Q: 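I am attaching a structure below and will ask some questions about it afterwards.
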Number of protein chains: 2
Amino acid sequence: MTHPTLEDVAARAGVSRALVSLVMRGSPKVGKERREAVLRAARELGYRPNMMARGLAAGRTGMIGVLLSDLHDPWSGAVYDGLADEAARRGVRLLLATGRGGPARERAALDDLLDLRPDGVVLAGPRLAAADIERAAAGCAVSVVGRSVRSDRVDCVTGDGAAAVERALGHLADLGHHRVACLDLGPRPSPLRRACPPGSVAAHPDELWRRPEPPAAVLALGDATGTAALTALLRAGRRVPDDVSLIVHGDPPGARAAGVTTVASPPAEMGREAAALLLDRIGDGAPAATRRVTVPPVLDERGTTR
Amino acid sequence: MTHPTLEDVAARAGVSRALVSLVMRGSPKVGKERREAVLRAARELGYRPNMMARGLAAGRTGMIGVLLSDLHDPWSGAVYDGLADEAARRGVRLLLATGRGGPARERAALDDLLDLRPDGVVLAGPRLAAADIERAAAGCAVSVVGRSVRSDRVDCVTGDGAAAVERALGHLADLGHHRVACLDLGPRPSPLRRACPPGSVAAHPDELWRRPEPPAAVLALGDATGTAALTALLRAGRRVPDDVSLIVHGDPPGARAAGVTTVASPPAEMGREAAALLLDRIGDGAPAATRRVTVPPVLDERGTTR
DNA sequence: TTGAAAGCGCTAACAC
DNA sequence: GTGTTAGCGCTTTCAA
């Protein structure tokens with residue numbers, strides 16, 4: 001029920017603790033003989049270094065914290081994928097935490113995360129107050145994904161919603177569709193509305209049919225709106241894409257499987273970028289200037305546009 | 001850029017470190033005067049205890065690890081919600097990790113998690129080898145959700161797929177539907193197939209229409225199958241539920257919003273239960289006998305059945 | 001009640 | 001190359 005320690009390994013291999021420590025961290029200045037003896041002893045004992053002890057002693061933990069504002073949001077999940085890729089590539093571990101609701105809970109989650117003293121944190125789509133982000137940045141490196149934070153100590157990686165809308169409308173125009181409606185079914189108005197042509201936005205599927213000229217194409221602003229839009233169109237007896245084309249901004253679950261055309265800044269890319277920025281900043285002792293990266297949108301043409 | 005320590009607080013409050021430690025852990029045996037002085041100093045300094053140091057010294061971390069086999073699976077997310085609720089209620093922190101693919105990566109994630117020395121771990125839908133689970137159980141308390149593990153040292157919380165299928169078919173029978181098809185579109189055959197009436201299972205939506213008597217109701221086995229089934233039915237021009245009723249086993253994203261009738265053992269409930277089992281076992285010094293809990297299915301009647 | 005002292009498991013100088 | 005020595009920030013006896 002208890003874990004073997006460095007000392008157990010040292011005893012078994014007949015060497016000093018420090019030597020074992022060196023071997024465990026892959027130091028080159030250990031004789032081949034002894035190195036192998038140590039590794040064998042460690043293996044036989046099932047030894048695994050205690051990260052807490054290591055972190056305490058080293059002053060760095062080799063871990064970066066990740067705060068996902070909402071675990072259930074596929075966007076967060078995709079950001080996490082990107083982060084995990086980059087982290088694995090660079091040999092650092094991830095410490096995951098989630099917001100679970102309002103800013104208050106998210107703040108609590110962030111505090112809990114910081115109590116573990118990660119070398120840095122990535123905030124994915126945080127709903128935190130700017131002051132909380134700033135406070136975190138005072139303690140360790142911080143980079144933010146999916147929200148632009150005005151601060152001279154945090155890196156930011158953002159998408160480009162306006163460009164995505166433009167890209168979608170351009171694509172639809174290329175297909176010959178000029179009567180485009182933008183659907184926004186969320187509880188709160190999407191910020192993307194501002195990028196849509198004036199008068200094109202509808203807040204309920206029924207509005208679409210009430211128009212003098214029903215739209216030839218629909219741009220759904222967001223995942224939830226996207227799925228709702230598709231079923232609403234089908235239920236209303238419109239064939240997709242024969243009667244009406246559909247592009248969804250975002251990447252709703254099953255979009256690939258259902259063959260839905262989507263447009264968005266790829267979240268995994270954003271996550272990768274955020275991890276890279278953070279690790280660069282942690283790596284160099286030099287406190288490099290903060291950077292801001294914008295990830296351009298990508299249009300995935302699938303079966304709902306023609 | 002550096003965090004204040006217990007010692008800083010002690011110095012500022014003019015007391016010893018040990019006293020501060022007692023106050024931080026809410027010990028009752030500290031005078032009111034000094035307690036307040038300590039708390040004030042801590043607040044002014046923005047002090048937060050270092051969990052690594054605390055864990056090292058105390059031998060317990062007050063954290064339980066959670067391994068989600070797949071972050072993107074809504075089921076995992078719901079299990080996590082239940083876990084988080086129960087953990088918050090009992091004042092323990094969660095350490096989240098994810099599988100990201102095959103058993104190998106999941107095993108690596110588990111090892112990384114264990115390196116942080118949590119007091120226990122919950123494995124949600126693990127695809128790990130039984131031996132890996134057993135190995136983990138040798139080091140700390142383990143409870144498993146969504147998979148039955150034969151072991152005398154891990155607790156298990158499972159759903160009941162057969163009961164769910166039975167419940168769904170019963171409900172459809174009550175509605176007068178006896179020609180029921182079970183749809184299973186997954187890459188691998190669902191284990192639920194065995195609970196379905198012989199000959200009722202179809203592996204492709206088109207099979208449904210080729211039958212001599214098209215089904216009056218469809219039971220979709222799983223989230224992905226569920227969403228696919230709904231769009232397939234609508235695309236085929238069937239009205240739901242007028243022409244055909246639909247029940248989905250699971251809880252696909254947007255099922256509530258889209259008004260889809262579902263049946264499943266509620267994952268949040270399973271998570272809560274798993275956390276409770278684990279914390280009970282950690283709490284008592286007494287190594288209680290392992291327990292197995294089965295969570296009964298719940299049918300959520302919404303708009304796709306009639 | 002309060003304080004002093006001894007670690008928890010490990011790393012990082014520093015000498016040998 | 002290898003062993004020795006101090007801590008990292010905290011909890012926990014044990015005295016006072």
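These numbers were taken from a predicted model, which means no experiment stands behind them. Order of the sequence lines sets the chain letters (A, B, ...), proteins ahead of strands, with each chain counted from 1.
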Q: Closer than 4.0 angstrom, basic N to acidic O: yes or no for A:Arg100 and B:Asp85?
A: yes

Q: Closest approach to the side chain of B:Ser16, judged atom by atom: which nucleotide of C:dA12, C:dG3, D:dT11 is it?
A: C:dG3

Q: Check every atom of D:dT12, C:dT2, C:dA12 against the side chain of A:Arg25 and return the nucleotide holding the closest atom.
A: C:dA12

Q: To the nearest Å, give me how far apart CZ (B:Arg54) and P (D:dC8) are.
A: 19 Å

Q: Check this one for me: any side-chain N or O of A:Arg17 less than 4.0 Å away from OP1 or OP2 of D:dA6?
A: no

Q: Take the protein atom NZ of B:Lys29 and the nucleotide atom C1' of C:dT2, then report the distance between them rounded to whole Å.
A: 11 Å

Q: For D:dT2, does OP1 or OP2 lie under 4.0 Å from any side-chain N or O of A:Arg35?
A: no

Q: Choosing from D:dG9, D:dG7, D:dT12, which nucleotide comes nearest the side chain of A:Ala57?
A: D:dG7

Q: Need to verify one output field. Residue with the more 5' nearest nucleotide on DNA chain C, A:Met52 or A:Gly59?
A: A:Met52

Q: Within the structure shown, what part of the strands sits under 4.0 Å from A:Gly31 by heavy-atom distance: base, sugar-phosphate, or nothing?
A: sugar-phosphate

Q: What's the CG-P distance between A:Asp119 and D:dC8, to the nearest Å?
A: 18 Å

Q: Counting distance only, does the side-chain N/O of A:Arg117 pair as donor-acceptor with the main-chain N or O of A:Leu56 below 3.5 Å?
A: no

Q: Is any side-chain heavy atom of B:Ser143 less than 4.5 Å from a side-chain heavy atom of B:Val157?
A: no

Q: Out of D:dG3, C:dC10, D:dC10, which nucleotide sits closest to the side chain of A:Val15?
A: D:dG3

Q: Out of D:dC10, D:dT11, D:dT4, which has the shortest distance to the side chain of A:Ala18?
A: D:dT4

Q: Of all the choices, C:dT2, C:dC10, C:dC8, which nucleotide is nearest to the side chain of B:Leu56 once you look at every atom?
A: C:dC8

Q: Report the distance from atom CG of A:Leu116 to atom P of D:dC8, rounded to the nearest whole Å.
A: 20 Å

Q: Return the 5'-most residue of the pair A:Leu6, B:Gly14 with respect to DNA chain C, ranking by each residue's nearest nucleotide.
A: B:Gly14

Q: Do A:Arg105 and A:Asp112 sit within salt-bridge range, that is, some charged N less than 4.0 Å from a carboxylate O?
A: no

Q: Please state how far atom CD in B:Glu7 lies from atom P in D:dG7, giving the value in whole angstrom units.
A: 12 Å

Q: Report the distance from atom NE2 of A:His3 to atom P of C:dC8, rounded to the nearest whole Å.
A: 16 Å

Q: I'd like to know if B:Asp115 pairs up with A:Arg54 as an ion pair, taking the criterion as any Lys NZ or Arg NE/NH1/NH2 lying under 4.0 Å from an Asp or Glu carboxylate oxygen.
A: no

Q: Rounding to an integer number of Å, can you tell me how far B:Arg60 CZ sits from D:dT12 P?
A: 7 Å

Q: Whole-Å distance between C:dG9 P and A:Asp8 CG?
A: 9 Å

Q: Is the phosphate of C:dC10 approached by A:Ser21 (side-chain N or O, under 4.0 Å from OP1 or OP2)?
A: no

